[in-house]
A.B. asks: 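Before I ask anything, let me first share the structure, which is written out below as structure tokens.
When reading the values below, keep in mind they use all heavy atoms of this one structure, side chains included, and skip hydrogens, waters and symmetry mates.
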Amino acid sequence: MLSAEMRQRRPRPATEDKSSSDRNTDESRDRRRRNEVGEGEDKGLRWFLPLLVLGCLRHMSATSNIVHDCDEVFNYWEPLHYLLYKSGFQTWEYSSEFALRSYLYIFIHGLVAKPASLFFPEDKVRVFFSVRLFLGIISTITEAALVVALSRKYGKRLGLYALAMLCLTSGCFFASTSFLPSSFSMYAVTLSSALFLFEKYAAAVSAAAAGVILGWPFSILVVLPVTIFSLIRGSFVKVFFSGLLTSIILLGLSLYADYLSYGKLTFSVFNLLKYNVFGGGESHLYGTEGISFYFRNGFNNFNFAFVLALLFVTIIPISRKKYVPDLAIVISPVYIWLAFMSLQAHKEERFLYPIYPLICVAATAVIDSFPDIFHDKYSSEQSIFYKIAKGVRPLILGLILCASHSRTFSILNGYSAPLKIYQHLQYHHDEIDPGSVLCIGSEWHRYPSSFFVPAYIEQVKWIDEGFNGLLPFPFNETLGGTKAAPHYFNNKNKATKEQYFGDIDACSFFIELDLRRPYPARGTDFSKWETLAAIPFLDRELSPAMYRSFFIPYKWAENNVFGLYKLLKQIVPSD
């Protein structure tokens, strides 16, 4: 009897000496963490919300975005315009002698532009925006896929934070509807990352291959981590042959498109690699920057989100169970690409586009991990530090989004004058005889494309105002159009005499930016020029950095300095 009683009162082992409330707390925490990493019942976000929200923001980008880079105009919009209307400017890269650009990329956008040109036969501006809307749709779909994948694997909060970042950060807003191979690579990287998180490894590698071949060959470094781990995790044979088949098909189509366009068997993908990598060219002729360029640029486009993205590696020891290895694999190209591109002499803002969505994801992961810092040090989630960390997350996110929205508004309001001023040309077709000439001087680099030049204007001419580099020439039908190899093109960025129009008196219209400097502008000569339209344009040199970078209500217009972007009409002397 005694022994039985003693057996009943025998103390429990130390491993079982825990209150039921503690066990419940631990179990609830474990269950919550399992949900966060996708092992629980949380199915993540549905597709409707990301598609709706991103669709609205990408529509805004398509209709209000400025043209950020003259390379976008002359290397992509102009060849597309030529294919549609048999007029437009050609750069030396599109000379059949050099053939650095693939026409397949142009043809893909022509699938939208051609029907739009038939539907709007008298309005080329609408064709321009139709293509932009197409780009916005692609961006919406790929980014929505990434948001859904993140939410299903790591929880709804991470998905929603990423959605907010993708929608409102300035970098993604501007890059999403830019007609550039680097933007196309961005779509492919985004989709490939999403498919990797969905564990669709063969599809992820195919998407990566499409971004490299159709978009930008150098982006192979960005998709390399996902490609390698897709081959390791998936069925190697299936994944390998999926990527191989996609590559062969697209390379074949690119080769055929180049043959049709350049009139000879040439391979633009190889030509581009040869020029930039294998010592065949001198890309540094088109602008060099210091090693800090991309870090400054990244902060401008993502503000504190860029800093947080760079800090992702510091939270890996804290959130290893949550983010390693999958999310670390997806985000690793941010570091690879920044390191590689920073070491190159030739730098441009658009070169960072392929990693823009990944910057948002990295920053989001860091914000979401703030409370994890206190999990190991404090056992109770009732800790004041834990609660503060949870409360800080939406505040940090809100600060980033407000700053981003403010910068986006500043850029759109400060520099949208060129797009608007060229649209004024369509209002004056009754005043000018057919065969008019539009002349442009130092503002050639802000030319928004021939889509904004009405049919009644016969020619667009460059006026020499001190630029010493090589400018684009109109496609020459006499020499063969896209098949031509004109003598005036060179790959040394050396100006030629033929590029400038010498008879200023033959100009019907003139585009100029009057920044009210000591030297006189043409528009101030009222005896020769009449101002048809003038739109404020932010004077970057004279405006304070704080106010020109961020749109601060009431203060922005008050503290910044503005010039006038003008459309001038030459006054014809009366007989």
Side-chain angles (χ1 to χ4, degrees), residues 47-69 72-73 76-77 80-81 84 105-117 119-120 123-148 162-194 207 210-211 214-216 301-302 349-350 352-360 401 404-405 407-409 411-412 415-416 419-420 423 448-449 451-452:
W47 285 84
F48 177 75
L49 179 63
L51 287 172
L52 175 64
V53 178
L54 281 165
C56 291
L57 268 296
R58 296 302 171 249
H59 180 271
M60 290 176 60
S61 175
T63 54
S64 63
N65 197 4
I66 66 173
V67 178
H68 296 263
D69 196 319
E72 177 182 353
V73 170
Y76 305 104
W77 285 112
L80 179 62
H81 187 274
L84 297 176
Y105 178 69
I106 306 297
F107 288 167
I108 291 171
H109 296 79
L111 296 175
V112 173
K114 184 61 177 178
S117 68
F119 196 74
F120 305 112
D123 195 344
K124 295 189 295 182
V125 174
R126 291 196 177 190
V127 178
F128 176 93
F129 285 110
S130 296
V131 174
R132 269 201 171 173
L133 288 170
F134 168 66
L135 298 174
I137 291 171
I138 299 176
S139 176
T140 296
I141 294 171
T142 57
E143 290 173 6
L146 182 58
V147 168
V148 172
L163 176 61
M165 286 272 198
L166 290 167
C167 283
L168 294 178
T169 48
S170 302
C172 289
F173 185 89
F174 294 135
S176 61
T177 55
S178 293
F179 185 11
L180 288 165
S182 50
S183 284
F184 191 90
S185 293
M186 181 184 73
Y187 308 148
V189 169
T190 305
L191 181 59
S192 180
S193 300
L214 293 179
W216 199 18
N301 283 303
F302 293 93
E349 178 180 334
R350 68 180 187 275
L352 281 194
Y353 284 7
I355 62 169
Y356 272 8
L358 303 186
I359 291 173
C360 293
L401 298 184
S404 295
H405 198 52
R407 175 166 176 79
T408 300
F409 261 61
I411 297 295
L412 296 181
Y415 303 107
S416 61
L419 281 178
K420 295 177 181 178
Q423 292 184 63
S449 84
F451 283 94
F452 290 82

A.B. asks: Parallel, tilted or perpendicular: which one describes the rings of F174 and H68, with boundaries at 30° and 60°?
C.D. replies: tilted
A.B. asks: Below 30° counts as parallel, above 60° as perpendicular, anything between as tilted: where do the rings of H109 and F179 land?
C.D. replies: tilted
A.B. asks: How close do W47 and A144 get, counting heavy atoms only, and between which atoms?
C.D. replies: CZ3-C, 4.0 Å
A.B. asks: Where do C167 and L54 come nearest, in terms of heavy atoms and distance?
C.D. replies: SG-CD2, 3.6 Å
A.B. asks: Where do L135 and S176 land on the side-chain contact (heavy atoms from CB on, under 4.5 Å) test, with the steps shown first?
C.D. replies: CA-CA 7 Å; L135 298 174; S176 61; over 6 Å; no
A.B. asks: Verify, without hydrogens or angle tests, whether S449 (side chain) and F451 (backbone) share a donor-acceptor contact under 3.5 angstrom.
C.D. replies: yes
A.B. asks: Determine whether the side chains of T408 and S170 contain a donor N or O and an acceptor N or O closer than 3.5 Å.
C.D. replies: yes
A.B. asks: Drop me the distance from L191's CG to L146's CG, to the nearest 0.5 angstrom.
C.D. replies: 9.5 Å
A.B. asks: Please state whether the rings of Y356 and Y353 are parallel, tilted or perpendicular, taking 30° and 60° as the class boundaries.
C.D. replies: tilted
A.B. asks: Could you give me the CA-CA distance, side-chain angles and deciding distance for I355 and L352, then say whether side-chain contact (heavy atoms from CB on, under 4.5 Å) is met?
C.D. replies: CA-CA 6 Å; I355 62 169; L352 281 194; 4.1 Å; yes
A.B. asks: Supply the atom-to-atom distance L51 CG to I137 CD1, rounded to the nearest 0.5 angstrom.
C.D. replies: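 Rounded to the nearest 0.5 Å, the CG-CD1 separation comes out at 11.0 Å.
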A.B. asks: Quick one: does any side-chain atom of T177 pair with a main-chain N or O of R132 as donor and acceptor, under 3.5 Å?
C.D. replies: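 A pair under 3.5 Å: no.
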A.B. asks: Out of curiosity, M186 CE to L180 CG, how far, rounded to the nearest 0.5 Å?
C.D. replies: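 Rounded to the nearest 0.5 Å, the CE-CG separation comes out at 10.0 Å.
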A.B. asks: Indicate the atoms forming the closest heavy-atom contact of S178 with N65, along with that distance.
C.D. replies: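 It is OG-ND2, 4.1 Å.
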A.B. asks: Can you measure from OG1 (T169) to CD1 (I359) and round to the nearest 0.5 angstrom?
C.D. replies: 9.0 Å
A.B. asks: Restricting to non-hydrogen atoms, name the atom on L163 and the atom on P50 that form the minimum distance, rounded to 0.1 Å.
C.D. replies: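 Closest heavy-atom pair between L163 and P50: CD1-CA, 4.0 Å.
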A.B. asks: Less than 4.5 Å apart, any side-chain heavy atom of S416 and any of S64?
C.D. replies: no
A.B. asks: State, with a plain yes or no, whether a side-chain heavy atom of L358 is found less than 4.5 Å away from one of S193.
C.D. replies: yes
A.B. asks: Kindly say whether H59 contributes a backbone atom to a donor-acceptor pair with the side chain of T63 at under 3.5 angstrom?
C.D. replies: yes
A.B. asks: What I'd like to find out is whether the side chain of P357 reaches to under 4.5 Å of the side chain of V189, using heavy atoms alone.
C.D. replies: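 Not touching, per the 4.5 Å side-chain cut-off.
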A.B. asks: Does Y76 use its side chain to pair, donor to acceptor, with the backbone of P181 at less than 3.5 Å?
C.D. replies: no
A.B. asks: On a heavy-atom basis, which atom in V67 and which in V73 lie closest, and how many Å separate them?
C.D. replies: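 Nearest heavy atoms, V67 then V73: CG1-CG2, 3.5 Å.
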A.B. asks: Side-chain contact, heavy-atom cut-off 4.5 Å: F302 with S404?
C.D. replies: no
A.B. asks: Rounded to the nearest 0.5 Å, what separates atom CG in L57 from atom OG1 in T140?
C.D. replies: 8.5 Å
A.B. asks: Output yes when E143 and R58 qualify as a salt bridge under the 4.0 Å nitrogen-oxygen rule, no when they do not.
C.D. replies: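 Answer for the salt bridge query: yes.
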A.B. asks: Is it the case that atom CZ in F409 sees more than 12 heavy atoms from other parts of the structure closer than 6.0 Å?
C.D. replies: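 Incorrect, the count does not exceed 12.
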A.B. asks: Test your reading of the model: is there a side-chain donor-acceptor pair from S183 to the backbone of A175, 3.5 Å cut-off?
C.D. replies: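 Side chain of S183 to backbone of A175: a pair is present.
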A.B. asks: Do V127 and L84 make a side-chain contact, defined as non-hydrogen atoms from C-beta onward lying under 4.5 Å apart?
C.D. replies: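 A side-chain contact under 4.5 Å exists here.
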A.B. asks: Applying side-chain contact (heavy atoms from CB on, under 4.5 Å) to F128 and F452, what does each step give before you reach the verdict?
C.D. replies: CA-CA 8 Å; F128 176 93; F452 290 82; 3.7 Å; yes
A.B. asks: Shortest non-hydrogen contact from T142 to S139?
C.D. replies: OG1-O, 3.1 Å
A.B. asks: At what distance, to the nearest 0.5 angstrom, does CD1 of I138 lie from CG of L133?
C.D. replies: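 I138 atom CD1 to L133 atom CG measures 11.5 Å (nearest 0.5 Å).
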A.B. asks: Tell me if a side-chain donor or acceptor on S185 pairs with a main-chain N or O of G211 at a distance below 3.5 Å.
C.D. replies: yes
A.B. asks: For R350 and E72, run side-chain contact (heavy atoms from CB on, under 4.5 Å): C-alpha distance rounded to whole Å, both residues' side-chain angles, the deciding distance at 0.1 Å, then the answer.
C.D. replies: CA-CA 10 Å; R350 68 180 187 275; E72 177 182 353; over 6 Å; no
A.B. asks: Return yes if some donor-acceptor pair links the side-chain N/O of S61 with the main-chain N/O of F173 below 3.5 Å, else return no.
C.D. replies: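 Between the backbone of F173 and the side chain of S61 there is a qualifying donor-acceptor contact (under 3.5 Å).
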